[in-house]
Amino acid sequence: MIFKKAEKEDFAAAYSYITRLWDYNTYNKEEIAFVYDKVLKAENTFIFFVMEDGEYKGMCHGDFFETFWMSGETCYISSLITNEKDRGKGYGKALLDHVRELASQRGCKAMILDSGMMRTQAHKFYEKYGFEKSCYGFELVLPK
């Protein structure tokens, strides 16, 4: 198992994961490509894949940012997905372990994530890993 830092040529794989993670959404591939390029260049952002035998098994994306809540740097995981056929094989845990190592190296005080209400299997996985339910998430979509 290896961790591959995302590069421009990995966009097709990243796009595939993005559209599967939020399958209820509609996507403009050019807009996602623009955001992907910005993510690759951002200083406090990470995006990487877990691979085995040359095959993508999962993807993780997130950010490091300062919070008053934690009185220091926090790691926010905004995307974590593994191939459906590969679930239960340790790739999700490996992705989280890798993020945990990155966050520890930076001195982060916490890792946080949110997960859609209907993703009950994912919630069980996160709780088994050690995450605790700590809040409700809210969003307000702004007009264009």
Side-chain angles (χ1 to χ4, degrees), residues 1-8 10-52 56-144:
M1 191 176 323
I2 63 161
F3 299 100
K4 181 187 187 309
K5 185 177 177 183
E7 299 176 275
K8 193 163 182 77
D10 297 308
F11 175 70
Y15 184 75
S16 172
Y17 282 114
I18 291 163
T19 57
R20 284 185 278 150
L21 184 57
W22 298 287
D23 59 359
Y24 50 85
N25 200 359
T26 55
Y27 296 95
N28 177 310
K29 195 170 188 175
E30 286 149 6
E31 287 178 353
I32 297 295
F34 178 75
V35 172
Y36 181 77
D37 284 340
K38 285 174 61 174
V39 165
L40 291 179
K41 295 172 186 166
E43 183 179 323
N44 289 323
T45 301
F46 58 86
I47 182 168
F48 62 88
F49 301 92
V50 62
M51 301 183 74
E52 194 162 67
Y56 295 95
K57 300 294 185 176
M59 182 189 87
C60 187
H61 162 246
D63 298 279
F64 300 107
F65 64 99
E66 296 293 334
T67 63
F68 294 115
W69 168 64
M70 292 302 298
S71 300
E73 194 166 51
T74 300
C75 176
Y76 176 70
I77 301 166
S78 57
S79 308
L80 179 80
I81 186 169
T82 58
N83 300 334
E84 192 170 350
K85 68 181 174 88
D86 292 319
R87 293 194 181 136
K89 297 180 180 177
Y91 297 113
K93 181 183 180 309
L95 288 165
L96 287 176
D97 287 347
H98 190 63
V99 172
R100 189 177 196 150
E101 180 61 29
L102 295 173
S104 292
Q105 288 172 3
R106 288 183 65 112
C108 287
K109 294 192 172 186
M111 290 176 17
I112 58 174
L113 57 81
D114 54 45
S115 182
M117 298 292 283
M118 70 297 238
R119 301 184 65 84
T120 56
Q121 288 302 109
H123 302 166
K124 290 176 187 173
F125 166 72
Y126 297 136
E127 289 173 340
K128 182 178 178 185
Y129 189 84
F131 284 91
E132 296 178 8
K133 292 179 186 170
S134 60
C135 67
Y136 287 101
F138 298 92
E139 69 181 347
L140 175 65
V141 178
L142 302 174
K144 294 182 181 183

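All heavy atoms count here, side chains included; hydrogens, waters and symmetry mates do not. Bear in mind the structure is a predicted one, so any value in this text is a computation, not a measurement.
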Taking only Lys NZ, Arg NE, NH1 and NH2, and the carboxylate oxygens of Asp or Glu, determine whether [X] and [Y] approach each other closer than 4.0 Å.
| X | Y | answer |
| --- | --- | --- |
| R100 | D97 | no |
| E127 | K133 | yes |
| E73 | K109 | no |

To the nearest 0.5 Å, what is the distance between [atom1] on [X] and [atom2] on [Y]?
| X | Y | atom1 | atom2 | answer |
| --- | --- | --- | --- | --- |
| D114 | C135 | CG | SG | 7.5 Å |
| D63 | C75 | CG | SG | 8.0 Å |
| K93 | Y129 | NZ | OH | 5.5 Å |
| L80 | L95 | CG | CG | 5.5 Å |
| S79 | W22 | OG | CH2 | 3.0 Å |
| K29 | I18 | NZ | CD1 | 11.0 Å |

If every non-hydrogen atom of [X] is compared with every non-hydrogen atom of [Y], which pair is closest and at what distance?
| X | Y | value |
| --- | --- | --- |
| A110 | M70 | CB-CE, 3.6 Å |
| M111 | A103 | CG-CB, 4.2 Å |
| E66 | G72 | OE1-C, 3.2 Å |

Check: [X] side chain, [Y] main-chain N or O, donor-acceptor pair, under 3.5 Å:
| X | Y | result |
| --- | --- | --- |
| R106 | F64 | no |
| N28 | E31 | yes |
| R20 | S16 | yes |
| H98 | I2 | no |

Discussion item. Using 30° and 60° as the class boundaries, would you call the ring planes of Y126 and F131 parallel, tilted or perpendicular?
Written reply: perpendicular

Item to complete: Flag the pair F11 / L40 as yes when at least one side-chain heavy-atom distance between them is below 4.5 Å, and no otherwise.
Response: no

Item to complete: Side-chain contact test, heavy atoms from C-beta onward, threshold under 4.5 Å: evaluate it for I81 versus R87 and give yes or no.
Response: yes

Worksheet item: Looking at F49, does the NZ or CZ of K57 lie under 6.0 angstrom from its six-membered ring centre and within 45 degrees of the ring axis?
Response: no

Crowded around [X] [atom1]? As in, over 12 foreign heavy atoms under 6.0 Å?
| X | atom1 | result |
| --- | --- | --- |
| M118 | CE | yes |
| Q105 | CD | yes |
| F34 | CZ | no |

Fill in: Y36/D10 under side-chain hydrogen bond (donor to acceptor under 3.5 Å, both in side chains): CA gap, chis, key distance, verdict
CA-CA 10 Å; Y36 181 77; D10 297 308; 4.6 Å; no

Discussion item. Pair V50, Y56 - check side-chain contact (heavy atoms from CB on, under 4.5 Å), show working.
Written reply: CA-CA 6 Å; V50 62; Y56 295 95; over 6 Å; no

Worksheet item: For Y17 and H61, what are the C-alpha separation, side-chain angles and deciding distance, and is it a side-chain contact (heavy atoms from CB on, under 4.5 Å)?
Response: CA-CA 11 Å; Y17 282 114; H61 162 246; over 6 Å; no

Fill in: Candidate pair C60 and V99, rule side-chain contact (heavy atoms from CB on, under 4.5 Å), full reasoning
CA-CA 8 Å; C60 187; V99 172; 3.5 Å; yes

Fill in: Stepwise side-chain contact (heavy atoms from CB on, under 4.5 Å) test for Y76 and T45
CA-CA 9 Å; Y76 176 70; T45 301; over 6 Å; no

Worksheet item: Distance only, no hydrogens: is a donor on one side chain within 3.5 Å (strictly under) of an acceptor on the other, for N83 and Y91?
Response: no

